[in-house]
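What follows is one structure encoded as structure tokens, with my remarks underneath.
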Amino acid sequence: MKLNTLGVAHKIIAEKVKAGDFCIDATAGRGNDTSFLCSLVGETGKVIAFDIQQDAVDSTKALLQSKGYDSIAQVFLDSHSNMDQYAQENSVDCITFNFGYLPGGDHNIFTTPATSIPAIEKGLKLLKQGGLMSLCVYYGGDSGFEEKNALMEYFRTIDSKQYTVLITEFANRPNNPPIPVFILKQI
Ligand SMILES: C[S@@+](CC[C@H](N)C(=O)[O-])C[C@H]1O[C@@H](n2cnc3c(N)ncnc32)[C@H](O)[C@@H]1O
């Protein structure tokens, strides 16, 4: 089976997230990651998701409802850079970011480093010790290279005493393959 970026991220996330956990999807989009997190945390867990587009919030809510996950997840029309207003420090098991634009939506609206880097910084504080942040860095095309370049620079500055940052790459895929990144908060 050919593994794409999301497949790689979901494999790692599934190793970590268990029933009853608390997770955040920082970029709800069409709701695929929110729904995946709900499938892992189950009825005893909780997921909150953010997106700045009403289209994305509506899609995510519809997907959650169709899968029977609407009692597990809450979806907020808000920027991920405000996620610290919705969760306590050291309380979150896993946070996902999936950068870029809304699939099937407006390609002129996409994640930008002005909000994504503050959101990551806040997310790292919200993670429990042993918690995982998964970030799929999409770039090129309509969203360009600015965010990818800023993120790659930022990842290298994260305190190595507190966090392990793994930047992975598809070595044999053409055309700006997305970059799966994993950050583990040390115990
Ligand atoms: C690649 S899509 C996410 C895909 C999604 N995870 C899914 O499963 O369909 C990126 C999303 O990030 C959203 N976004 C852009 N800036 C944001 C921000 N500051 N806060 C939250 N979401 C944002 C976009 O509206 C878009 O829906």
Side-chain angles (χ1 to χ4, degrees), residues 3-14 16-17 23-41 47-70 72-87 92-127 132-151 154 170 175-183:
L3 210 52
N4 62 16
T5 311
L6 217 53
V8 172
H10 283 190
K11 265 188 176 292
I12 305 277
I13 293 166
K16 169 79 199 143
V17 177
C23 299
I24 296 179
D25 182 1
T27 49
R30 299 292 176 203
N32 298 299
D33 295 302
T34 313
S35 161
F36 178 65
L37 291 170
C38 288
S39 74
L40 298 175
V41 304
V47 178
I48 58 174
F50 299 96
D51 206 291
I52 52 166
Q53 295 191 71
Q54 189 66 52
D55 183 6
V57 169
D58 293 345
S59 284
T60 298
K61 284 185 175 171
L63 183 65
L64 294 172
Q65 197 164 22
S66 75
K67 296 199 173 229
Y69 293 151
D70 38 351
I72 304 173
Q74 281 179 289
V75 191
F76 298 105
L77 181 68
D78 199 354
S79 171
H80 41 220
S81 54
N82 294 324
M83 68 167 78
D84 58 330
Q85 294 171 20
Y86 298 80
V92 184
D93 296 282
C94 179
I95 302 177
T96 59
F97 284 85
N98 211 321
F99 298 104
Y101 52 75
L102 177 66
D106 184 347
H107 288 205
N108 295 309
I109 304 173
F110 44 79
T111 53
T112 62
T115 46
S116 54
I117 291 177
I120 296 168
E121 282 174 336
K122 289 179 176 179
L124 292 177
K125 288 187 182 151
L126 300 185
L127 279 182
L132 170 72
M133 185 180 285
S134 163
L135 312 99
C136 293
V137 183
Y138 291 87
Y139 60 99
D142 291 334
S143 49
F145 292 82
E146 186 204 348
E147 183 175 46
K148 179 234 178 197
N149 293 341
L151 288 173
Y154 166 67
F170 290 91
N175 305 329
N176 306 322
I179 304 170
V181 176
F182 302 97
I183 306 179

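Ligands are counted one by one from 1 in listed order, and the atoms in each one are counted from 1 as well. Count residues from 1 along the sequence.
Evaluated by nearest non-hydrogen atom to atom 18 (C) of ligand 1, the leading choice among M83, E147, H80 is H80. The closest non-hydrogen atom to atom 4 (C) of ligand 1, taken over G29, G100, G31, P178, comes from G29. Residue D33 holds the heavy atom nearest to atom 6 (N) of ligand 1 of all those in D33, N82, I109.
For the pair L124/I120, a side-chain contact is recorded, criterion being any heavy-atom separation below 4.5 Å from C-beta on. Between Y86 and D78 there is a side-chain heavy-atom pair separated by less than 4.5 Å. With contacts defined as side-chain heavy-atom distances shorter than 4.5 Å, the pair L40/F36 qualifies. Put simply, the side chain of L64 reaches to within 4.5 Å of the side chain of T34, judged on heavy atoms. Residues T60 and D51 form no side-chain contact, since every pair of their non-hydrogen atoms from C-beta on lies 4.5 Å or further apart. Contact check for D142 versus N108: no side-chain heavy atoms found under the 4.5 Å cut-off. Side-chain contact between Y69 and V47: absent, with no pair of heavy atoms (C-beta onward) separated by less than 4.5 Å.
Every N/O-N/O distance between D25 and ligand 1 stays at or above 3.5 Å. Polar contact check, R30 against ligand 1: a nitrogen or oxygen pair lies under 3.5 Å apart.
Every atom of ligand 1 is numbered from 1 in the order shown, and the set under 4.0 Å from a heavy atom of A26 is 21 (C), 22 (N). Applying the 4.0 Å criterion to heavy atoms of T115 picks out, from ligand 1, the atoms 19 (N). Less than 4.0 angstrom separates some heavy atom of Q53 from each of these atoms of ligand 1: 24 (C), 25 (O). Near T111, meaning under 4.0 Å from one of its heavy atoms, ligand 1 places the atoms 12 (O), 14 (N), 15 (C), 16 (N).
When all heavy atoms are compared, the tightest approach of P178 to F170 is O-CD1, 3.5 Å. Heavy-atom minimum distance, G123 versus M83: CA-SD, 3.8 Å.
In terms of protein heavy atoms, atom 8 (O) of ligand 1 is closest to N32 N, 3.0 Å. Scanning the protein for heavy atoms near atom 2 (S) of ligand 1, the closest one is Y101 O, 3.4 Å. Of all protein heavy atoms, the one lying nearest to atom 3 (C) of ligand 1 is T27 O, 3.5 Å. For atom 10 (C) of ligand 1, the nearest protein heavy atom (residue, atom name, distance) is N98 O, 3.3 Å. The single protein non-hydrogen atom nearest to atom 19 (N) of ligand 1 is S79 OG, 3.1 Å, given as residue, atom name and distance. Of all protein heavy atoms, the one lying nearest to atom 13 (C) of ligand 1 is D51 OD2, 3.2 Å. Of the protein's non-hydrogen atoms, I52 CD1, 3.4 Å is the one closest to atom 16 (N) of ligand 1.
How far CG of D70 is from OG of S35: 11.0 Å, rounded to the nearest 0.5 Å.
Contact analysis puts A28 in contact with ligand 1, with a non-hydrogen atom separation below 4.0 angstrom. Residue contacts with ligand 1 include F99, since one or more of its heavy atoms lies under 4.0 Å from the ligand.
Looking at Y138 against ligand 1, nothing comes within 4.0 Å, counting heavy atoms.
For the pairing with N98, the side-chain hydrogen bond (donor to acceptor under 3.5 Å, both in side chains) check across T27, D33, N32 returns one residue only, D33.
Using cut-offs of 30° and 60° for the angle between ring planes, the H80 and F97 rings count as tilted.
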